[in-house]
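This report concerns only the one structure given below.
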Amino acid sequence: MRLNPLNGRWVTIVVDRSLRPTDFAPRTAQVESDPQRPCPFCPGHEEDSPPAIETTGAAGEWRVRVVPNRYPAFDGDEPFSVRTIGPVHTLAEASGIHEVLVYSREHDASLATATDDDLASIMSVLRRRMIDHANTPGIRYTQAIVNHGRESGASLSHPHGQLLGMPFVPGELLDEERAFGRFHGGCILCATVESELADASRIVIADDDCVVVSPFWAGSSYELLVIPRRHSVHLQDDSDETLAGVGRRLRDALKAKLSFVVWFAILRSAA
C-alpha cells in the first residue's frame, strides 16, 4: 500500500493483477476476453477456482459460494507497519483477506433478479464472513462490493462480488465517522430517514425494514442510499429478519434504477 501525501489516503497497488487476462485488453461489450472458455463460477466447474471457504445449499446444488481471490488485493498476515522511502514516499504491507462471493448458480442472473430466499442466504453469508474477518488479527475493516460489467472492472460476467478484509479503515469511512460525531441531533441516519419521509420527494422505497432514498447530497446519477429502519452499529449485529429485509430492498433499488435507466433511454430515443 502507498500513501497519497496530498490527501492522506492509502492506495493499494496489486502487481499480480497485471497477470489477469482482461486488465489490458481493449474495451468491448463482452466481459470475458475468451467467451468460449468455461466459466469457473458455473456449476460443474468448481475445480477451476480455489477450494471454497464457505458454501450454502445441498451438496451439488450450492446456492452461494465464497472462494479466495486468485489475484488478491489484500493477502497475508504481516503486521500493519508503515515505512518511508525518502521525504514523501510512504508505504505499508497490504496484508488482509480478499474473497470472491459467488452469489448465484445462474450465469446470467444478478442481484436484481434474486428471490427473497436467495437474498436471505446471501446476507447471512455476508454476515458470517464479516464476523470471521472481525475475529482475524490485523483486520480493521471489511468492505463488500459488486462490480457489474466490464466498465466497472468485472473480469467475469457470472454474478459475483468481492469481500475485502483490510488492515486499515478507508478515509471515506473515517470522514463519515467524524460526521456522526459532529451531528448533535442524535443519529444522522435516523434523522435523515425522518426528514426524507416527511419531504417524500426523494423516496424510492419505504417499508418497515428500510428506506431507499436518492440522497439530498447525491454526487452522481442514480445514486441511492439504503438505510435500515432498525438502529444497529454493525451489519453483523442485525437479526435475520432485518438482514433479509435489507437484501430485498437492495434488489428492489437495483430494479428501480434499471427501470428508470430504460425509461430515460426510451424518452431520449423518442426525442
Side-chain angles (χ1 to χ4, degrees), residues 1 10 12 41 46 49-59 61-80 92-105 111 114-147 159-177 180 187-190 208-210 225-251 253:
M1 296 188 303
W10 290 102
T12 305
F41 295 157
E46 290 82 0
S49 58
I53 299 167
E54 181 171 347
T55 303
T56 67
E61 292 293 331
W62 57 266
R63 297 173 66 182
V64 179
R65 295 180 76 231
V66 179
V67 300
N69 194 301
R70 286 191 182 277
Y71 306 98
F74 298 93
D75 189 32
D77 55 6
E78 291 292 324
F80 187 78
E93 296 302 323
S95 300
I97 301 169
H98 191 169
E99 301 166 346
V100 178
L101 173 69
V102 185
Y103 57 82
S104 175
R105 295 172 56 84
L111 282 176
T115 67
D116 288 357
D117 288 344
D118 290 337
L119 291 162
S121 181
I122 292 167
M123 296 301 290
S124 292
V125 169
L126 184 59
R127 174 173 57 189
R128 289 195 294 273
R129 297 314 306 147
M130 286 190 168
I131 291 173
D132 189 71
H133 287 197
N135 292 329
T136 301
I139 302 300
R140 295 191 59 206
Y141 177 73
T142 296
Q143 184 174 37
I145 61 174
V146 175
N147 292 333
H160 67 284
Q162 312 285 333
L163 302 179
L164 303 167
M166 305 178 185
F168 66 99
V169 180
E172 292 87 345
L173 271 295
L174 293 174
D175 290 343
E176 290 187 4
E177 193 174 50
F180 274 84
C187 169
I188 192 170
L189 287 180
C190 292
D208 292 339
D209 296 311
C210 295
L225 183 63
V226 180
I227 309 175
R229 293 277 197 140
R230 296 170 184 82
H231 185 109
S232 298
V233 177
H234 299 109
L235 181 147
Q236 52 263 41
D237 297 332
D238 276 324
S239 66
D240 292 341
E241 292 76 15
T242 295
L243 285 177
V246 171
R248 291 193 296 269
R249 297 298 80 84
L250 286 170
R251 174 200 58 202

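Both backbone and side-chain heavy atoms feed into the values below; hydrogens, waters and symmetry mates do not. A quick note: this is a predicted structure, and the numbers were derived from the prediction, not measured. In what follows, residues are counted from 1 in the order of the sequence shown.
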* Nearest non-hydrogen partners of Pro68 and Pro51, listed with the distance -> CD-O, 3.3 Å
* Hey, does Leu243 have a side-chain heavy atom less than 4.5 Å from the side chain of Leu235? -> yes
* **Basic-acidic side-chain contact under 4.0 Å: Asp208, Arg229** => no
* **Set of residues satisfying salt bridge (Lys or Arg N to Asp or Glu O under 4.0 Å) with respect to Glu172, sequence neighbours excluded** => Arg9
* Taking the side chain as every heavy atom from C-beta outward, state whether Cys187 and Phe180 have any atom pair closer than 4.5 Å. => yes
* State which residues pass salt bridge (Lys or Arg N to Asp or Glu O under 4.0 Å) with Asp132; sequence neighbours excluded, sorted by chain then number. => Arg129
* Asked: Got Val100 and Gln162 here, is their nearest side-chain heavy-atom distance under 4.5 Å?
  -> yes
* Asked: What pairs with Val146 under side chain to side chain contact (heavy atoms under 4.5 Å, CB included), at least two apart in sequence or on another chain?
  -> Tyr103, Leu111
* Structure fact -> Applying side-chain hydrogen bond (donor to acceptor under 3.5 Å, both in side chains) to Asp77 and not counting sequence neighbours gives none
* If you take all heavy atoms of Met1 and Ala94, which pair is closest and at what distance? -> CG-CB, 3.6 Å
* **Pairs satisfying salt bridge (charged side-chain N to carboxylate O under 4.0 Å, His left out), at least one member in residues 239-250, at least two apart** => Arg127-Asp240, Asp207-Arg249, Asp209-Arg248, Arg249-Asp252
* Does the His98 side chain pair with the main chain of Ala73, one donor and one acceptor, at a distance under 3.5 Å? -> yes
* Asked: Does the side chain of Glu61 come within less than 4.5 Å of Arg105's, by heavy atoms?
  -> yes
* Structure fact -> d(Glu93 CD, Phe80 CZ) to nearest 0.5 Å is 10.5 Å
* Asked: Hey, what do you get for CG (Leu189) to CD (Glu176), rounding to the nearest 0.5 Å?
  -> 8.0 Å
* Asked: Ser124: what forms a side-chain hydrogen bond (donor to acceptor under 3.5 Å, both in side chains) with it, not counting sequence neighbours?
  -> none
* **Partners meeting salt bridge (Lys or Arg N to Asp or Glu O under 4.0 Å) with Asp237 (sequence neighbours left out)** => none
* Residues that Ser121 engages under side-chain hydrogen bond (donor to acceptor under 3.5 Å, both in side chains), provided they are two or more places apart -> Thr56
* Asked: Do the non-hydrogen side-chain atoms of Thr136 and Ile97 ever get within less than 4.5 Å of each other?
  -> yes
* Asked: Is Thr115 close to Asp118 at the side-chain level, that is, under 4.5 Å between some pair of heavy atoms?
  -> yes
* To do: Would you give the length of the straight line joining atom CZ of Phe74 to atom OG1 of Thr142, rounded to the nearest 0.5 angstrom?
  => 10.5 Å
* Asked: Residues in side-chain hydrogen bond (donor to acceptor under 3.5 Å, both in side chains) with Ser232, at least two apart?
  -> Asp238
* Given side-chain contact (heavy atoms from CB on, under 4.5 Å), test Leu126 with Gln236 step by step and report yes or no. => CA-CA 9 Å; Leu126 184 59; Gln236 52 263 41; over 6 Å; no
* Asked: Do His133 and Asn135 pass the side-chain contact (heavy atoms from CB on, under 4.5 Å) test, and can you show the C-alpha distance, the side-chain angles, and the key distance before you say yes or no?
  -> CA-CA 5 Å; His133 287 197; Asn135 292 329; over 6 Å; no
* **Which atom of Ile139 lies closest to which atom of Gly165, heavy atoms considered** => CD1-O, 3.5 Å
* Straight-line distance of Ile122 CD1 to Ser104 OG, nearest 0.5 Å -> 7.5 Å
* For the residue pair Glu99 and Asn69, confirm or rule out a side-chain donor-acceptor distance under 3.5 Å. => no
* Of all the heavy-atom pairs spanning Gly76 and Ser95, show the shortest one and how long it is. => O-CB, 3.4 Å
* Residues that Ala52 engages under side chain to side chain contact (heavy atoms under 4.5 Å, CB included), provided they are two or more places apart -> Thr55, Arg65, Val67
* Which value, rounded to the nearest 0.5 Å, describes the distance between Thr242 atom OG1 and His231 atom NE2? -> 13.0 Å
* Structure fact -> With sequence neighbours left out, the residues meeting ring pair (Phe, Tyr, Trp, His ring centres under 6.0 Å) with Phe41 are His160
* Any idea which heavy atoms bring Arg140 and Pro167 closest together, and the distance? -> CD-O, 3.5 Å
* Any residue meeting salt bridge (Lys or Arg N to Asp or Glu O under 4.0 Å) with Glu54, in chain and number order, not counting sequence neighbours -> Arg128
* To do: Starting from the C-alpha separation in whole Å, work towards a yes-or-no answer on salt bridge (charged side-chain N to carboxylate O under 4.0 Å, His left out) for Asp117 and Arg63.
  => CA-CA 10 Å; Asp117 288 344; Arg63 297 173 66 182; 5.0 Å; no
* Asked: Between Val102 and Val66, is any pair of side-chain heavy atoms under 4.5 Å apart?
  -> no
* Supply the atom-to-atom distance Arg230 CZ to Cys190 SG, rounded to the nearest 0.5 angstrom. => 12.5 Å
